[in-house]
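See below for the structure under consideration.
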Number of protein chains: 2
Amino acid sequence: MPESQSAVDEILTTIRDASRRVTVPKRAVAEALAGANGHLTADAITVEVQRHHPEISPSTVYRILEEFEELKIVVHAHLGRPAAVYHLAGTVHGHLTCHVCNTTFEIPAAHFNTLSRDLKKSFGFQLDRHHVALSGTCTNCLASSRTEV
Amino acid sequence: MPESQSAVDEILTTIRDASRRVTVPKRAVAEALAGANGHLTADAITVEVQRHHPEISPSTVYRILEEFEELKIVVHAHLGRPAAVYHLAGTVHGHLTCHVCNTTFEIPAAHFNTLSRDLKKSFGFQLDRHHVALSGTCTNCLASSRTEV
DNA sequence: TTAGATGCAAAGACTTTGCGCACTT
DNA sequence: AAGTGCGCAAAGTCTTTGCATCTAA
């Protein structure tokens, strides 16, 4: 997995550049984020991290995620459920969550260009394109609800 | 306040139509929702309700909000913070939350027409227009950040 | 009358914090 | 060697649940 490896290196470099320390737990969280290309709750990250390093505690994961957010390494969003989901910044832009099957899809920021311009013009509101999280129904669930009923 | 009164009546009618019982706590929650024209957390609703009925417990408020959601009386959204916010369904469409001053604005659903069509066409995703919650920076905070720095 | 709703208290899910020791730099 | 970061455990916030009682219909 050469590409997720480079993503990990990039994260570690960012940490060093900010004069923070590179530690085993931080490396593990970076690997978990780079390995899973989707959205992970803090709990899911903890589980993944503990597969290799059982001694790493949830509180450490939260502290690291907080630091990573400061450094713009990750962003988080609150989707349908209370638990927030985290993912690497820059790699992802918008989220579509299906409230039927609870799956989250990622879509390119370009889809928000028109909306973003409109909100700016109409309300002076500057959309944060990293946090766009929309809920609705995905294709699959639309199709099955049609056939089922 | 004749207009919020009619909103309350409408809610109570919906409850009766669904063969649920109309109770003091439900009336109080309905009044809190109709009175505040904005977005309330469950906690804020509880506080408002307890101003008139101190004996009503938070768990009851949660149960009532759950029932109101089933009956499509209210919808909730997860904005920047973990706590969900609730508001009357039908009266509101989209939310813009400023992550600087933490204010939430409501905007008409019409602003999501283009986006909605695009998501449907590109991904087969049916946007739920009641749950649109976007975060960014509002005009005021944009202006002050410009002058401050 | 009687099933459903409530109040209270406890538990559960998610997240933050305090403290002393370990590890990175 | 110096001091940041960690593990553990406890606390904090937000929400759900169990159970006995009460009440709307």
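Chain letters run A, B, ... following the sequence lines, proteins first and then strands; every chain starts at 1. Nothing here was measured: the structure is a model prediction, and the numbers come from that model.
One finds the CG atom of B/D118 at 12.5 Å from the NZ atom of B/K120 (value rounded to the nearest 0.5 Å).
Separating the NE2 atom of B/H76 from the C1' atom of D/dT16 is a distance of 14 Å, rounded to the nearest angstrom. Note: CD (B/E55) to P (D/dT21) measures 19 Å, nearest angstrom. One atom, CZ of B/R27, and another, P of D/dT23, lie 15 Å apart when rounded to the nearest Å. Taking atom CZ of A/R16 as the reference point, atom P of D/dG5 lies 13 Å away to the nearest angstrom. Atom OH in B/Y86 sits roughly 12 Å away from atom P in D/dC14 (whole-Å rounding). If you take NE2 of A/H53 and P of D/dG5, they are 18 Å apart, rounded to a whole angstrom. The distance between atom CD1 of B/I64 and atom P of D/dA24, rounded to the nearest whole Å, is 13 Å. One atom, CZ of A/R20, and another, P of D/dG3, lie 17 Å apart when rounded to the nearest Å.
B/E67 has no carboxylate O lying under 4.0 Å from a charged side-chain N of B/R21, or vice versa, which leaves the two without a salt bridge. The pair A/E66-A/R63 does not meet the salt-bridge criterion, since no charged nitrogen lies less than 4.0 angstrom from a carboxylate oxygen. Ionic pairing of A/K26 and A/E31 is not present here: no N-O contact between side-chain nitrogen and carboxylate oxygen is shorter than 4.0 angstrom.
Taking the six-membered ring for Trp and the full ring otherwise, A/H87 and A/H76 have centroids separated by 6.0 Å or more.
Of the two residues contacting DNA chain D, namely A/P54 and A/E67, the nearest-nucleotide position lying further toward the 5' end is that of A/E67. If B/T41 and B/V22 are placed on DNA chain D by their nearest nucleotide, the residue sitting closer to the 5' end is B/T41.
Grouping the Ile, Leu, Val, Met, Phe, Trp and Tyr side chains by contacts below 4.5 angstrom, directly or via other members, places A/V74 apart from A/Y62.
Looking at A/T139, its side chain does come within 3.5 Å of a backbone N or O of B/F123 through a donor-acceptor pair. Listed for the B/H95 side chain is a donor-acceptor partner under 3.5 Å among the backbone atoms of B/V132. Looking at B/T60, its side chain never comes within 3.5 Å of a backbone N or O of B/I56 through a donor-acceptor pair.
Heavy atoms of B/V24 sit nowhere under 4.0 angstrom from any nucleic acid atom. Base engagement by A/S59 is indicated by at least one non-hydrogen atom pair under 4.0 Å involving a base atom. Among the protein residues, B/E66 comes within range of no part of the nucleic acid, since none of its heavy atoms lies under 4.0 Å from any strand.
Each of D/dG7, D/dT23, D/dG5 was ranked by its minimum atom distance to the side chain of B/R21; first place goes to D/dT23. With distances taken from any side-chain atom of B/Y62 to the nucleotides D/dC6, D/dG18, D/dT16, the minimum falls on D/dT16. Of the candidates D/dG18, D/dC8, D/dG5, the closest approach to any side-chain atom of B/R63 belongs to D/dG18.
With a cutoff of under 4.0 Å to any heavy atom of chain A, the contacted region of DNA chain C is bounded 5' to 3' by C/dC14 to C/dT25.
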Verdict with supporting geometry, A/L134 and B/L115, side chain to side chain contact (heavy atoms under 4.5 Å, CB included): CA-CA 11 Å; A/L134 300 168; B/L115 178 68; 3.8 Å; yes
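Rounded to 10 degrees, the angle separating the terminal axes of the helix from C/dT1-D/dA25 to C/dT25-D/dA1 is 40°, with each axis obtained from five end pairs.
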